[in-house]
Amino acid sequence: MNFTKEIINWYSIHKRNLPWRTSKNPYFIWLSEIILQQTQVKQGLPYYDAFVKQFPTVFDLANASEETVLKLWQGLGYYSRARNLHAAARYIVFELKGEFPDNYKDLIQLKGVGDYTASAIASIAFDEATAVVDGNVYRLLSRYFGIETPINSTKGIKEFKQLASVLLDKDKPGNYNQAVMEFGALQCRPKNPNCNGCRLKESCVALQKNCVDNLPVKLRKTKVSTKYFNYLVCLDTKKRTVFEKRTGKGIWRNLYQFPLIETEKSLSIDEFALLNLNDTFLKDMPFDYTLYNEVDKVHKLSHQHLHTKFWIIEVKDSLNNATPLHKLKKYPTPVLITDFINEFNFEVL
DNA sequence: AACCCGGGGGA
DNA sequence: TCCCCAGGGTT
């Protein structure tokens, strides 16, 4: 049983028609790989189409503003991907004079491009024999070969990369790399893998040992922290509000939001009244306030649960540095804020 | 080595 | 609920 040939044969029959598979243009391959990091094909597909349409070449992407790129990325998550994508496009256009890096060593120098993505682009666009190891490959190899080394340990990362390199089809590395990932995604799924209909079932170690569900082994479950967010949604006499760009190194960097006050616990209306809002941009401003949502809106991220209250601040004056309400949807915002804006429906005010 | 970074979907 | 997803960057 030749693992590599079986995977390639399976792929020739079952491969999906995906837009980035119709071209070897490295820009399109790169774009698809960044979008698909930690993102399922179904979720990333509409974003890929939108990016190709709005930025047909790396020059178009480089000449756009970061805010425009973030706006198009809005809702997809892991926004550093969009910031790095944009920075790398500018680097390619303005430093490399538009000549796209054409090998693993140069590709991995790009912001947001690590071992996986450099291998994917190098093999698919440039036929370089570098093996990809993504979540699909970890799962498939750990099961088929019965490897119990944790996939997120230093030892595991090296071990699986080495094995993947041995299995790689050096003649058509791009085709094989896509095949092995596709096999993991469609056949050797995380839950309910299709072992009965699998052409590798006779030689699959995990299936023979009846431990398919226990592989791959992964260490360290991320602990989830809870945070309490209070957003100050101001409405002044000119139908404007305060909208700010997030700074710093935390989540949602360079996306926009209402002024945020983080607290140790969920605030009652009385407790909110004790906050000294005169220390903020509301200094010397007359205002009334109401609580928009009695029950905390809980926004769940992979590592944080955000318990959120939206406070509606009716300011009886004209705010400084305020944003007209009808312009809010022009800015890139996290889903938590996007949902609020849509639900609150400022436009009827 | 450990932690941070989003959001959606499946079971 | 918990886990996973065509991972990468920082400390």
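Letters A, B, ... are given to chains in the order of the sequence lines, protein chains preceding strands, and every chain is numbered from 1. Just so we're clear, the structure is a prediction, and the values are computed from it rather than from any experiment.
For the segment residues 155-170 of chain A, no residue has any heavy atom less than 4.0 angstrom from an atom of DNA chain B.
Inspection of the A:Tyr144 and A:Ser203 side chains reveals an N or O donor paired with an N or O acceptor under 3.5 Å.
Look at A:Glu182 and A:Arg21 and you find a salt bridge, because one of the NZ, NE, NH1 or NH2 atoms lies within 4.0 Å of a carboxylate O, short of that distance.
Side chain of A:Lys42, nearest nucleotide from B:dG8, B:dG10, C:dC5: B:dG10.
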Strictly under 4.0 angstrom, non-hydrogen atoms only: write out the protein contact profile of nucleotides 6-11 of chain C, one letter per nucleotide from the 5' end, B, S or -. BBSS-S
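Rounded to the nearest Å, the gap between the P atom of C:dG8 and that of B:dG8 is 22 Å. Comparing the C1' positions of B:dC3 and C:dA6 gives an interatomic distance of 23 Å, to the nearest angstrom. Taking atom C1' in both B:dG6 and C:dC3, one finds a spacing of 15 Å when rounded to whole Å.
Under the ring-ring contact (aromatic ring centres under 6.0 Å, His included) criterion, A:Phe28 pairs with no residue at all, not counting sequence neighbours. Applying the ring-ring contact (aromatic ring centres under 6.0 Å, His included) rule to A:Tyr292 yields the partners A:Phe340, A:Phe344; only residues at least two apart in sequence or on another chain are considered. Remark: A:Phe272 engages A:Tyr289, A:Trp311 in a ring-ring contact (aromatic ring centres under 6.0 Å, His included) (not counting sequence neighbours).
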Canonical and wobble pairing (Watson-Crick, G-U, under 3.5 Å) of DNA chain B, dot-bracket with |: |||||.|||||
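Contact annotation for A:Leu76: base contact, defined as any heavy-atom pair under 4.0 Å involving a base atom. Backbone-only contact: A:Gly75 has heavy atoms under 4.0 Å from sugar-phosphate atoms and none from a base. Heavy atoms of A:Gly250 sit under 4.0 angstrom from primed sugar atoms or phosphate atoms, though from no base atom.
Rounded to whole Å, the distance from CG on A:Leu336 to C1' on B:dC5 is 16 Å. Taking atom CG of residue A:Leu301 and atom P of nucleotide C:dC2, one finds them 16 Å apart after rounding to whole Å. Rounded to an integer number of Å, the gap from CZ of A:Arg189 to P of C:dC3 is 20 Å. Put simply, CG on A:Asp213 is 11 Å from P on C:dC4, counting in whole angstrom units. Rounded to an integer number of Å, the gap from A:Gln74 CD to B:dG8 P is 11 Å. To the nearest angstrom, P of B:dA11 lies 13 Å from CG of A:Asn194. Taking atom NZ on A:Lys191 and atom P on C:dC5, their separation rounds to 11 Å, with Å as the unit. As rounded to whole Å, 13 Å separates atom C1' of B:dG7 from atom CG of A:Leu255.
Note that the OG1 atom of A:Thr247 and the CG atom of A:Asn254 stand 8.5 Å from one another [nearest 0.5 Å].
Pairs engaging residues 103-133 of chain A under the ring pair (Phe, Tyr, Trp, His ring centres under 6.0 Å) rule: none recorded [sequence neighbours left out]. Pairs of residues two or more places apart, or lying in two chains, never qualify as salt bridge (charged side-chain N to carboxylate O under 4.0 Å, His left out) while including a residue from residues 80-94 of chain A. Sorted by first and then second residue, the salt bridge (charged side-chain N to carboxylate O under 4.0 Å, His left out) pairs with a member in residues 66-75 of chain A form an empty list; sequence neighbours excluded. Within the structure, ring pair (Phe, Tyr, Trp, His ring centres under 6.0 Å) pairs that include any residue of residues 154-207 of chain A comprise A:Trp10-A:Phe183, A:Tyr138-A:Phe160 (at least two apart or interchain). The salt bridge (charged side-chain N to carboxylate O under 4.0 Å, His left out) contacts involving residues 100-110 of chain A comprise nothing, where partners must be two or more places apart or lie in separate chains. Residue pairs meeting the salt bridge (charged side-chain N to carboxylate O under 4.0 Å, His left out) criterion with at least one member in residues 286-296 of chain A, sequence neighbours excluded: A:Asp288-A:Lys316, A:Asp296-A:Lys309.
Between A:His303 and the phosphate of B:dC4, there is no side-chain N or O to OP1/OP2 separation shorter than 4.0 Å. The shortest distance between the side-chain N/O atoms of A:His299 and the OP1/OP2 oxygens of B:dG7 is below 4.0 Å.
Along DNA chain B, the nucleotide closest to A:Gln304 and the one closest to A:Leu219 are compared, and the more 5′ of them pairs with A:Leu219.
Between A:Tyr231 and A:Phe310, the angle of the ring planes stays under 30°, which puts this pair in the parallel group of the 30/60° scheme.
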